[in-house]
*Asks:* 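Take this structure, written in structure tokens, and hold onto it; I'll ask about it next.
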Amino acid sequence: MGEIKEVYLDNSATTKVAKEAVDAMVQALTIDFGNPSSLHRKGIEAERIVSKSREALASFLGVKAREIYFTSGGTESNNLAVKGTAYARKRYGKHLITTAIEHPSVLDVFKRLEEEGFSVTYLGVDYSGHINLEELERALKPDTILVSIMYVNNEVGSIQPIEAAAEIIAKNKNTLFHVDAVQAFGKIPLIPHLKGIHLMSLSAHKIYGPKGVGALYVRDRIKIMPLFNGGGQEAGLRSGTENVPGIAGFSAASELAFKNMAAWQARMRELKERLKDRILAEIPDTVVNGPDNGAPHILNISFLGTRAEVLLHALESHGIYVSTGSACSSHKKGRSHVLAAMGKTAEEIDSALRFSFSPLLSQEDIDYTVEVLTKEVTELRKFIRR
Amino acid sequence: MKRIYMDHAGTTPMRKEVLEAMLPYFTEKFGNASTVYSYGREAKATIEEAREKVARLVGADPREIFFTSGGTESDNWAIRGIAHANKDKGNHIITTSIEHHAVLHTCEDLEKEGFKVTYLPVDRYGLVKVEDVINAITDETILVTIMHANNEIGTIEPISEIGQALKKLDRKVYFHTDAVQTVGKIPVKVDELGVDLLSISAHKIYGPKGVGALYIRKGTRIKPFMTGGAQENKRRAGTENVPGIVGLGKAAELAERELEDHYKKLSHLRDKLIKGIMEKIPHVILNGHPTQRLPHNVNLCFEYIEGESLLLNLDMKGICASSGSACTSGSLEPSHVLLAIGLPHEIAHGSLRLTLGRDNTEEDVDYVLEVLPGIVEKLRQMSPLFPKEGR
């Protein structure tokens, strides 16, 4: 993009792959290219990469290697967890619980299960994007077979009380608890081993790893149905030739994220607070969507009196990349289901931008963003009658 | 030690050109294709370019190509997607007994849901008969799924004849073919084959693992398989694996350009390998069709020998080979394909699959021909079943 300064503030959509991850992938793409199921040397080399990566990932999460199943990404992990549980446990009941603010890869699966005869309770959220534990407790029934709650919301960064929810859910012995941790993984400490959590979805490309690979944590002795049939890879739960390079890149990226977690978290929070404080102080009619103290990497702000898409493109012309919500739904018409569930007004929703951070950003990047925002928001407001 | 890789039906080494095409998309062009600003638009444009290349390779319209995580997902999506979308029309599926497990196990799974599946037999070369397919059709049949070529024995099935015959029926029966082993090896054109759905995998054509595609003919009634975001025209959710898709596109482009040379070179090496082994080693059976066969596939049974020990001995000499499909090589069961072509258990156990690739040379073939007879002889001497001459 020539001389224009670039500030990438859309790290919740996807991230740039870290050099360490690229190196690990290139090795697996070229030298260790074997099929892990083959019995010869090339196969054994590839199998070793997969098992080492599995062990590494498990150790970062404090779980057993055999509890990690590699998938093609967060969407597949969510599809597998939700469908796989519903189909495997329907003899115990057909009631499912989730929240109104889940990622489409969870929500759409629940919609489909409803069409197939399951009943679903969608928990609401408060003004800052948090579920109410009492509502969860009331919703649980003897025939509830699955609760699925996201750890960190991808649009507003609210962190759900997963530990407390797990405790409540654990009282129902037939209920499995799935946590979509795609936005939490590598950003905040995770607790999959916690009593009461059975399934957890992870994705690589949100943590400087490659696209096309993710994982599902499945607690020992928990049986769910596979989405795919075939060669029986991943202990039968996920058939298909293992994406060895993707898995190697995932593991390398996870290592970086876990090694640097405290430092990166502090760095991102500092940048986020700076951007938030300056916007609120310097640009009038701005509202933060989401909690005061959410995830360190996500900030959602409404610039009242502007249209988010227009502002987004105005920022883009200055080399600043943000989003209007989740990347996955940005092609869809219609308003953010997350902000709507939080009780935001139409004006707030239509003018909301999501800024998502990486530790690679500098204070200058943030200051430049504020400068551009101030100018563009002022310009845009001139044309919009309020 | 000399290292020779002859397991290209298991997976292929990725080509340098493919890696070079992919690399920028990990770092400087890493955007999420669903985002609306320039990074995302660039990623989106790149995906569309790759889609065109894949479409060209199989003679399809780009809008009929959908990217997936690989051949297994493509097969599962095709079969489950058609079954679930058309169950109001019927509940019968026809396939063969020699399909890849991604097809076979999916069909078995659908049986548990109440679908009825006919598993057609094959002849001793592994060929399915067109009239068997047609005779199996009932008023309930909604899908026929037959692989284009078998991954173990290399037999090429009469897909276009079946496609033509299905078109003559007075009702619509969808036709899917698993073309994972044929794309890039022999001409694969969806209209000539007469198929509605066709599965493609990148890592079998010198592309990356973790990416594949499903061709879905326009107008086909199919349910999405992976749901969530609106990617792939709302038919396959999940952030697009941009580098993987770019890699598949590049591999498809190269495969199309080099198809003829690749075919000539490999079929020559294949014939030399088969001829040499048959001449040098007694009690060998060629599995699969002698001529209607993939250009890179050699599959043989060595009587009185255990396939696994043959593989280990070859591996010690630097030769990477397989006893059948990579996906089942961990199991002790003999190949379902070899049993389906009528081999008895004890012979099916002694199978060896050598699958050639673009890097293999005449010297590689000579080396295998030099090493293999000694290994076979040694193993036979150790075998209690082998009739020892002169004793």
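Computed over heavy atoms, backbone and side chain alike; hydrogens, waters and symmetry mates excluded. A, B, ... follow the sequence lines: proteins, then strands. Residue 1 opens every chain.
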*Asks:* Would you mind telling me which of B:Arg15, B:Arg3, B:Lys16, B:Glu28 has the largest number of heavy-atom pairs within less than 4.5 Å of chain A?
*Replies:* B:Arg3
*Asks:* Set out, in order, the CA-CA distance, both residues' side-chain angles and the distance that settles side chain to side chain donor-acceptor pair (under 3.5 Å) for A:Asn78 and A:Ser201, then state yes or no.
*Replies:* CA-CA 6 Å; A:Asn78 284 337; A:Ser201 301; 2.7 Å; yes
*Asks:* To check you understand the geometry: which heavy-atom pair defines the closest contact between B:Phe26 and A:Pro210, and what is its length?
*Replies:*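 It is CE2-CB, 4.3 Å.
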*Asks:* Between A:Val322, A:Val106, A:Thr30, who has the most heavy-atom pairs with chain B when the cutoff is under 4.5 Å?
*Replies:* A:Val322
*Asks:* Return the option, out of B:Met226, B:His203, B:Glu108, with the maximum number of heavy-atom pairs under 4.5 Å with chain A.
*Replies:* B:Met226
*Asks:* Measure across B:Ile375 and B:Lys317 and return the closest heavy-atom pair with its distance rounded to 0.1 Å.
*Replies:* CD1-CG, 4.1 Å
*Asks:* Given a strict heavy-atom distance threshold of 4.5 Å, which part of A:Thr71 is in contact with chain B: side chain, backbone, both, or neither?
*Replies:*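 Nothing of A:Thr71, per the 4.5 Å heavy-atom cut-off to chain B.
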*Asks:* Checking heavy atoms, do the side chain of B:Ile245, its backbone, both or neither come under 4.5 Å from chain A?
*Replies:*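 Nothing of B:Ile245, per the 4.5 Å heavy-atom cut-off to chain A.
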*Asks:* Under 4.5 Å from any heavy atom of chain B, what part of A:Glu309 do you find: side chain, backbone, both or neither?
*Replies:*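 Neither part, no heavy atoms under 4.5 Å.
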*Asks:* For B:Thr12, is it the side chain, the backbone, both, or neither that has a heavy atom closer than 4.5 Å to a heavy atom of chain A?
*Replies:* backbone
*Asks:* Heavy-atom cut-off 4.5 Å, strictly under: side chain, backbone, both or neither for B:Glu240 against chain A?
*Replies:*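 Backbone only.
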*Asks:* At a heavy-atom separation under 4.5 Å, does B:Asn241 approach chain A through its side chain, its backbone, both, or neither?
*Replies:*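 Backbone plus side chain of B:Asn241, per the 4.5 Å heavy-atom cut-off to chain A.
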*Asks:* Is A:Tyr8 close to chain B through its backbone or its side chain, or both, or neither, when contacts mean heavy atoms under 4.5 Å?
*Replies:* side chain
*Asks:* Which atoms of B:Arg80 are under 4.5 Å from chain A, going by heavy atoms: the side chain, the backbone, both sets, or neither?
*Replies:*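 For B:Arg80, the side chain is the part near chain A, not the backbone.
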*Asks:* Counting only heavy atoms closer than 4.5 Å, note whether A:Leu227 contacts chain B via side chain, backbone, both or neither.
*Replies:*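 Both the backbone and the side chain of A:Leu227 come within 4.5 Å of chain B.
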*Asks:* Could you walk me through whether B:Glu73 and A:Ser72 pass the side chain to side chain donor-acceptor pair (under 3.5 Å) test, one step at a time?
*Replies:* CA-CA 10 Å; B:Glu73 184 186 327; A:Ser72 71; 4.5 Å; no
*Asks:* Measure across A:Glu242 and A:Ser37 and return the closest heavy-atom pair with its distance rounded to 0.1 Å.
*Replies:*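 Here A:Glu242 and A:Ser37 meet closest at OE1-OG, 4.3 Å.
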*Asks:* How would you list all residue pairs meeting salt bridge (Lys or Arg N to Asp or Glu O under 4.0 Å) that involve residues 72-83 of chain A, not counting sequence neighbours?
*Replies:*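 Applying salt bridge (Lys or Arg N to Asp or Glu O under 4.0 Å) to every pair that reaches into residues 72-83 of chain A, excluding sequence neighbours, yields A:Glu76-A:Arg238.
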*Asks:* Please check if the side chain of B:Asn360 supplies one atom and the backbone of B:Met6 the other of a donor-acceptor pair under 3.5 Å.
*Replies:* no
*Asks:* Taking side chain as everything from C-beta outward and backbone as N, CA, C, O, which of these in B:Tyr5 sits under 4.5 Å from a heavy atom of chain A? Side chain, backbone, both or neither.
*Replies:*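 Only the side chain of B:Tyr5 comes within 4.5 Å of chain A.
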*Asks:* If you count heavy-atom pairs under 4.5 Å between each of B:Gly71, B:Pro243, B:Gly31, B:Gly40 and chain A, which one has the most?
*Replies:*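 So the answer, after comparing B:Gly71, B:Pro243, B:Gly31, B:Gly40, is B:Gly31.
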*Asks:* Hey, can you tell me if B:Phe66 and B:Trp77 have their rings parallel, tilted or perpendicular (30° and 60° cut-offs)?
*Replies:* perpendicular
*Asks:* Among A:Val109, A:Leu29, A:Val22, single out the residue with the greatest number of heavy-atom pairs under 4.5 Å to chain B.
*Replies:*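 Of the candidates given, the most pairs with chain B belong to A:Leu29.
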*Asks:* Apply side chain to side chain donor-acceptor pair (under 3.5 Å) to the pair B:Thr11 and B:Lys209, showing each step before the final yes or no.
*Replies:* CA-CA 8 Å; B:Thr11 192; B:Lys209 294 181 182 59; 3.2 Å; yes
